[in-house]
There are 2 protein chains.
Amino acid sequence: MESRIERLCVERGLKMTGQRRVVARVLSDASDHPDVEELYRRAATLDSRISIATVYRTVRVFEEKGILDRRDFGGGRARYEPSEHGHHYHLIDVGSGKVIEFQDAEHEALMRTIAQRLGFELVSLRLELFGRKLDPVQAPKQARARRPKPSNHPTEQVQA
Amino acid sequence: MESRIERLCVERGLKMTGQRRVVARVLSDASDHPDVEELYRRAATLDSRISIATVYRTVRVFEEKGILDRRDFGGGRARYEPSEHGHHYHLIDVGSGKVIEFQDAEHEALMRTIAQRLGFELVSLRLELFGRKLDPVQAPKQARARRPKPSNHPTEQVQA
DNA sequence: ATAGGTGCAAAGCATTTGCCGCGGT
DNA sequence: ACCGCGGCAAATGCTTTGCACCTAT
């Protein structure tokens, strides 16, 4: 069946190849923020004759067409999520690397005001919180690498 | 003369070599957010027998000692500024790449509250605004590269 | 038919690191 | 003297690209 993102591709006049269909499906099904490696892994299980270069090219095209948003949570690799996913920000759990999404209606308006006060029209903004889970019982204290690369975990959806 | 940052190095027990002294001086004198290339360029004018690998090693050490803060403004290269520079955020002019600093006292408290509501202790946060200069006269419309790499410009200090 | 997509391997960039001689303390 | 530091070049990790072939439209 045609995935949600495949539909968007067609709308925007992209040539639909087998590989793009697979990546579109993987993205449509994802509820997290996978990096290219991860997309490639998931795509390969659906169709093993896809190369990682194609995944790189595909996310770039999708991003240029406004279908995907690229995120940089620090850790050196870009991560992706579908654009039409509502306005939200991210909180990264520094312990586990999990990403929690949250919303804050007032925030963007506030930032727009600040930008204006500085003489700028707000084009976009980046807001990420890094937090440690408040121990409900007892947070396991784990050794920390010097430059932790947040891993890829399912994303929780939360209203703040 | 001993630069401000050199003093910090000594306080924190770093072995002071000629190269470190040079990097410390460059950083003490900087009022912007240079990347490693730029630090290297500036350092080389003071002492040409320094290698870029040393600059990389030095900023890493300084960062670990809490002397420097690393910033990622998007564009693939890390940029640095002295830590004891007061709490502030950054607005990047998407037209020119210039970085404007601003403060907002309430903001961090607000984010702390949000994190807590989600069950997290706020460890750090990243906030960057990207804006286009509001035309006082007429903003020059320039062609945009696909993945613009913000260049390195003197930083303006502003109160928002 | 043909513009554009794909695979593969090589190239690119920013950054790190192994090795080994050198220089602070 | 000793341990850490610096230079150089090679290695790394993510991402892009040249080239030759293939395929949606």
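Labels below follow one simple rule: chain letters A, B, ... track the order of the sequence lines, proteins then strands, and each chain is numbered from 1. Everything numeric here is computed off the predicted structure, so don't read it as measured data.
- Rounded to a whole Å, the CZ atom of A:Arg20 is 14 Å from the C1' atom of C:dG7.
- Note: CZ (A:Arg79) to P (D:dG13) measures 19 Å, nearest angstrom.
- Phosphate contact (OP1/OP2 of C:dG7, side-chain N/O of A:Gln19, threshold under 4.0 Å): present.
- A:Ile50 comes within contact range of the sugar-phosphate backbone alone, with a heavy-atom separation under 4.0 Å but no base atom that close.
- One can place CG of B:Leu14 at 13 Å from C1' of C:dG24, the figure rounded to the nearest angstrom.
- Contact annotation: A:Tyr56 side-chain N/O to D:dT15 OP1/OP2 distance is under 4.0 Å.
- When atom types are taken as modelled, the side chain of B:Arg25 and the backbone of B:Met1 share a donor-acceptor pair closer than 3.5 angstrom.
- Separating the CD1 atom of B:Ile52 from the P atom of C:dT16 is a distance of 11 Å, rounded to the nearest angstrom.
- In this structure, B:Arg12 contributes its side chain and B:Lys65 its backbone to a donor-acceptor pair below 3.5 Å.
- Atom pair B:Asp47:CG and C:dG23:P shows a separation of 13 Å (rounding to whole Å applied).
- With hydrogens and angles ignored, a donor-acceptor pair under 3.5 angstrom links the side chain of B:Arg57 to the base of D:dG7.
- Using a 4.0 Å cut-off between charged nitrogen and carboxylate oxygen, A:Glu108 and A:Arg112 count as a salt-bridge pair.
- When rounded to the nearest whole Å, the span between CZ of B:Arg77 and P of D:dG13 equals 21 Å.
- Going from atom CG of B:Asp72 over to atom P of C:dC13 covers 19 Å, rounded to whole Å.
- When distances run from any side-chain atom of B:Ala53 to the nucleotides D:dT25, D:dC8, D:dC5, the shortest one goes to D:dC8.
- OP1 or OP2 of C:dG7 lies within a sub-4.0 Å distance of a side-chain N or O belonging to A:Ser51.
- Between B:Thr17 and the phosphate of D:dG6, there is a side-chain N or O to OP1/OP2 separation shorter than 4.0 Å.
- Summarising the geometry, the separation between CZ on A:Arg60 and C1' on D:dT16 is reported as 7 Å, rounded to the nearest angstrom.
- The nearest heavy atom of DNA chain C to A:Lys15 and to B:Arg21 marks one nucleotide each, and the one closer to the 5' end goes with A:Lys15.
- For B:Thr54, counting side-chain heavy atoms from C-beta on, the closest listed nucleotide (D:dG7, D:dT15, C:dT6) is D:dG7.
- A donor-acceptor contact shorter than 3.5 Å links the side chain of A:Ser28 to the backbone of A:Ile5.
- A salt bridge links B:Arg126 with A:Asp72; the closest basic N to acidic carboxylate O contact falls under 4.0 Å.
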